Amino acid sequence: MSQRQPSPSPRRRSVLRGSLAVPAALAVPALAGAAPSLALSGRPKAGWGVQAGDVTAHAGLVWVRSDRPARMIVETSATESFRNPQRWRGPLLGPDTDFTGTTRLRGLPAGEQIHYRVLLADPDDPRRTGKPVTGTFRTTPKGRKQDVRFLWSGDIAGQGWGINPDRGGYRVFEEMRRRNPDFFLCSGDNIYADGPILPSVTLPDGTVWRNVTTEEKSKVAESLKEFRGAFRYNLLDDNLRRFNAQVPSIVQWDDHEVRNNWYPGQILDDPRYTEKNVDVLAGRSLRAFSEYFPVSTLPPGDEDGRVHRVLRHGPLLDVFVLDMRTYRNANSPNRQPDDATGILGARQLAWLKRELPRSRAVWKVIASDMPLGIVVSDGRENFEAVAQGDPGAPLGRELQIAELLRHIKHRKITGTVWLTADVHYTSAQHYDPSRAAFKDFAPFWEFVSGPLAAGGFPATKLDGTFGPEQKFIKAPGRANTSPAETPQYFGEVDIDGGSGELTVRLRQEGGGVLFTKVLQPGRVGQ
């Protein structure tokens, strides 16, 4: 397989630096100010950097946040010189969206490097613009011969492990940026709305972990303001802003965008919360999520407001993004003999069964925010994910997955690969009906990565219903090991434009490749 060389940072980057040089117990005033609309002098500033997301062959979304009311303007060019740029007039940024906004770029050339810069203009005087902030992304190729590389992981700022200036912040994002991927798939837990960030944490060896802190991250998120602050927190990190400026994203969500192990209709008994209705909290989080990430199926691009979607990355790859939160049933012992709701909900399952056979891509990546065969518990009796530890015939949420796997087999859909995060360790599982209680499916692989900036946790057992065999695993021996104690993990996928081979590498922070698997196109059950 051809190897893409890591890329240095594009020369023209205008990303605010220095936020990690302050004492860890203090917020960064320039970025973390609670009321940007009160800044009454000067020109609009975009200190939070830029992001691109949901990029296709001819379109993409560009995101920015201003420090005050401003008109968003995007210019694109084939080169960093920005000679004869094309201009896109974006939305007016104001308090209704926390001064964030996205602009959809259309009619872009396929398979090309697009350079863009965002200008923020004074709404009352368009000639008064702030310093432009630049970024870049590659549109998806139209032809099959162009290689594809992407990364995936999840779990950021979890368990109280925030931006540590002593370690240089979220260093793993700089390492991922240097891999020069076409895009990054974030598999959920982009934030930990239920996880306050304290100024310091004492580690088992007596050393002290220091955190950059903000007012909103000092407690669990309940109000819209606090959810917005939780999403904004990660953008204090220089590494993440540089990464966002170079690597477009495909983002999904999971439980910690709202609260640990949440499900629709849940009423909390957690004393930290004054708002006990999870549906209210989830609505506020989804609004902030749509404001802080460029997602094509959320407002303002799509008023239906759904996270699940398919992103088509040329002839070699389609990415099917699942939402295992919004439509699930309540966490339970998960042994009911009939379950139409499951973890996806009936409508999302029907959507996936409809869209998968329509795909003409060589590879169909199913981006799942939770693993299939790894047992994830919720207390002593209930279960959080699909599996519940009973290795027999499908029960509970397993029924829905069995229906999907049967559909994939009977429709002869080849090239499905499952990617996920959630469990805070890295592993590779091969599922095979010859080892399974449920046998009406074709073999497939599931790869797990993460966390990126959160605590590490020991491995949990596998459920034998779908016949998983763990081909690789690396996990710490105790719960909530800090990023200073155990490596952070991300996965890398390379698809060769000539042969169509797909190579998965499970990587750890520091450059090490832990496990490699090469899959051949058009084959079943590798």
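Computed from a predicted structure; not experimentally measured.
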Is the charged tip of R232 near the ring of Y292: under 6.0 Å from the six-membered ring centre and within 45° of its axis?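 No, R232 does not sit over the ring of Y292.
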Quick one: [atom1] on [X] to [atom2] on [Y], what's the gap to the nearest 0.5 Å?
{"X": "T140", "Y": "Q146", "atom1": "OG1", "atom2": "CD", "answer": "9.0 Å"}
{"X": "M370", "Y": "I343", "atom1": "CE", "atom2": "CD1", "answer": "6.0 Å"}
{"X": "I163", "Y": "L240", "atom1": "CD1", "atom2": "CG", "answer": "8.0 Å"}
{"X": "Y116", "Y": "F137", "atom1": "OH", "atom2": "CZ", "answer": "7.0 Å"}
{"X": "T129", "Y": "L119", "atom1": "OG1", "atom2": "CG", "answer": "5.0 Å"}
{"X": "S368", "Y": "E446", "atom1": "OG", "atom2": "CD", "answer": "7.0 Å"}

How close do [X] and [Y] get, heavy atom to heavy atom, and via which atoms?
{"X": "Y489", "Y": "S153", "answer": "O-OG, 2.8 Å"}
{"X": "A454", "Y": "Y192", "answer": "CB-OH, 4.4 Å"}
{"X": "G154", "Y": "C186", "answer": "CA-SG, 4.2 Å"}
{"X": "A52", "Y": "P294", "answer": "C-CG, 3.8 Å"}
{"X": "G497", "Y": "L316", "answer": "CA-CD1, 4.0 Å"}

Is the side chain of [X] donor-acceptor paired with the backbone N or O of [Y] at a distance under 3.5 Å, no angle test?
{"X": "R83", "Y": "E80", "answer": "no"}
{"X": "R71", "Y": "G90", "answer": "yes"}
{"X": "H58", "Y": "L108", "answer": "yes"}
{"X": "N234", "Y": "N190", "answer": "yes"}
{"X": "T139", "Y": "P109", "answer": "yes"}
{"X": "S359", "Y": "L356", "answer": "no"}
{"X": "N211", "Y": "L198", "answer": "yes"}
{"X": "K217", "Y": "G195", "answer": "yes"}
{"X": "W63", "Y": "E291", "answer": "yes"}
{"X": "D54", "Y": "S296", "answer": "yes"}

Ring pair (Phe, Tyr, Trp, His ring centres under 6.0 Å) for W418 and W445? Distances and angles first, verdict last. CA-CA 6 Å; W418 292 70; W445 281 86; over 10 Å; no
Quick one, [X] and [Y] - any side-chain contact, counting heavy atoms below 4.5 Å?
{"X": "D98", "Y": "R65", "result": "yes"}
{"X": "V365", "Y": "V493", "result": "no"}
{"X": "Q51", "Y": "T102", "result": "no"}
{"X": "V423", "Y": "P371", "result": "yes"}
{"X": "S249", "Y": "N244", "result": "no"}
{"X": "F293", "Y": "L61", "result": "no"}
{"X": "Y273", "Y": "R259", "result": "yes"}
{"X": "V504", "Y": "E492", "result": "no"}

Determine, for [X] against [Y], whether the closest basic-nitrogen to carboxylate-oxygen distance falls under 4.0 angstrom.
{"X": "D122", "Y": "R43", "result": "no"}
{"X": "R210", "Y": "D166", "result": "yes"}
{"X": "E174", "Y": "R179", "result": "no"}
{"X": "E216", "Y": "R228", "result": "no"}
{"X": "R178", "Y": "E175", "result": "no"}
{"X": "D182", "Y": "R138", "result": "yes"}

Within a 6.0 Å radius of atom [atom1] on [X], are there more than 12 heavy atoms belonging to other residues, nucleotides or ligands?
{"X": "R167", "atom1": "CZ", "answer": "yes"}
{"X": "K219", "atom1": "NZ", "answer": "yes"}
{"X": "K364", "atom1": "NZ", "answer": "yes"}
{"X": "D125", "atom1": "CG", "answer": "yes"}
{"X": "R347", "atom1": "CZ", "answer": "no"}
{"X": "R106", "atom1": "CZ", "answer": "no"}

Pair [X] + [Y]: ring centers closer than 6.0 Å:
{"X": "F289", "Y": "F227", "result": "no"}
{"X": "H313", "Y": "F183", "result": "yes"}
{"X": "Y327", "Y": "H308", "result": "yes"}

Please list, chain by chain and in numerical order, all residues satisfying side-chain contact (heavy atoms from CB on, under 4.5 Å) with P91, sequence neighbours excluded.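 If we apply the side-chain contact (heavy atoms from CB on, under 4.5 Å) test to P91, skipping adjacent residues, the hits are M72, L93, T103.
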Given the rule in the side-chain contact (heavy atoms from CB on, under 4.5 Å) test, do T420 and F447 qualify, once you have shown the distances and angles that lead to the verdict? CA-CA 6 Å; T420 187; F447 299 96; over 6 Å; no
Which is it for L105 and V62 under the side-chain contact (heavy atoms from CB on, under 4.5 Å) test, yes or no, and what are the steps along the way? CA-CA 8 Å; L105 312 181; V62 169; 3.8 Å; yes
Test log, rule side-chain contact (heavy atoms from CB on, under 4.5 Å), inputs R144 and V362: CA-CA 9 Å; R144 177 170 164 163; V362 176; 3.6 Å; yes
Please step through side chain to side chain donor-acceptor pair (under 3.5 Å) for the pair D369 and S187, ending with a clear verdict. CA-CA 5 Å; D369 43 301; S187 301; over 6 Å; no
Any donor-acceptor pair under 3.5 Å linking the side-chain atoms of [Y] with those of [X]?
{"X": "W152", "Y": "S449", "answer": "no"}
{"X": "T503", "Y": "D494", "answer": "no"}
{"X": "D323", "Y": "W253", "answer": "yes"}
{"X": "T136", "Y": "Q113", "answer": "yes"}
{"X": "R242", "Y": "N239", "answer": "yes"}
{"X": "H256", "Y": "D194", "answer": "yes"}

Evaluation steps, side-chain contact (heavy atoms from CB on, under 4.5 Å), between V319 and V310: CA-CA 6 Å; V319 180; V310 56; over 6 Å; no
With sequence neighbours excluded, what pairs up with E275 under the side chain to side chain donor-acceptor pair (under 3.5 Å) test?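 Side chain to side chain donor-acceptor pair (under 3.5 Å) check on E275 returns nothing, list empty.
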